[in-house]
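Taking it in order: structure first as structure tokens, then the write-up.
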Amino acid sequence: MPSLSQLSQNQLEQYRRDGVLVLPDFYSAEEIAKLRARMQDMVDEFDPSTVSTVFSTTDREQIRNAYFLESGDSIGYFFEEGAFDDEGNLAVPKEQSLNKVGHAMHDLDPVFSEFSRKPELAAVASDIGYQDPKLLQSMYIFKQPRIGGEVVWHTDHPFLWTDPVSVTGFWVALEDATRENGCLWCLPGQHKLAPKERFRRDGDAGSTYMEILDETPFDVSAAQALEAEAGTLVVLNGLLPHWSAPNTSEKSRHAFTLHIIEGTADYPADNWLQRGPGMPLQGFDTVNA
Ligand code: FE2
């Protein structure tokens, strides 16, 4: 781990109090452009007829499929619900049809690995208390113009469960994120509440289900918009509730997310995201892509 520190004492106290920290200009325009260009190449090479998986958090039934469950240690392409017409044909151009790409680009692609292993990001992880951080999940989120879907209120820990709780989300704006194109919203301070749900693999490995631990809904009356210019890093505690609206605007809202966990924490065998034996989780220092 690099020894340089990124966060001031004030920022650390703010993060502990709110469960969220916004760091503008964390990534340069050049770093952002390089990642976006790499994803553009990946999308150009992608043949949509090879998959037809629609990602939706409003209808979780649709993510119960092998393609999703196998994407923990590969690179999967997930479409928007509005991307297809009634006959199942793409209703928008391919490059505007994708909801996201995930979940192991940080270990499988050199450009994504470099972006994810930026030394300053490793320093943030160290600053907020990680001893042995492991890079668990990466996603490129498109939030397409007009059809970019809502991501319902949730916290990340139920999806990337560890004992003790250890997940942190790093969310990077690759384009300016505003209220108009579906920026993040969050509930500062509510990361101190116990998890309300837990996403599990079923025993037969072919499906998943959501275990409800607390039916009380989040109190969203104090929701705060996290408008962010391109290059901004948002650090999200794994128990901080967050949400984003559908994008009904004409502008996309690309973002990159990386989720890390503590290497010493227990990682359950019924978490949806599992790595094959040949692909153990790695830290910030390992560059193998
Ligand atoms: Fe999330």
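These numbers come from the heavy atoms of this one structure, side chains and all, not from hydrogens, waters or symmetry mates. When a ligand or atom number is given, it counts from 1 through the structure's own listing order.
- Checking H106, K34, R38 one by one against E114, the side-chain hydrogen bond (donor to acceptor under 3.5 Å, both in side chains) holds for a single residue, K34.
- Judged as a side-chain contact (heavy atoms from CB on, under 4.5 Å), and not counting sequence neighbours, the contacts of S71 are F68, S74, F78, H103, W272.
- By the salt bridge (Lys or Arg N to Asp or Glu O under 4.0 Å) test, E262 pairs with no residue at all, sequence neighbours left out.
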*Kindly determine whether K134 and D132 satisfy salt bridge (Lys or Arg N to Asp or Glu O under 4.0 Å), including the steps that lead there.*
CA-CA 7 Å; K134 297 296 187 194; D132 179 25; 3.6 Å; yes
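- Around the Fe ion (ligand 1), the protein atoms of type N, O or S found under 2.8 Å away are H154 NE2, D156 OD1, H242 NE2, listed by chain and number.
- A cation-pi contact, defined as under 6.0 Å to the ring centre and within 45° of the axis, links K196 to F218.
- Judged as a side chain to side chain donor-acceptor pair (under 3.5 Å), not a single pair has a partner in residues 14-23 (not counting sequence neighbours).
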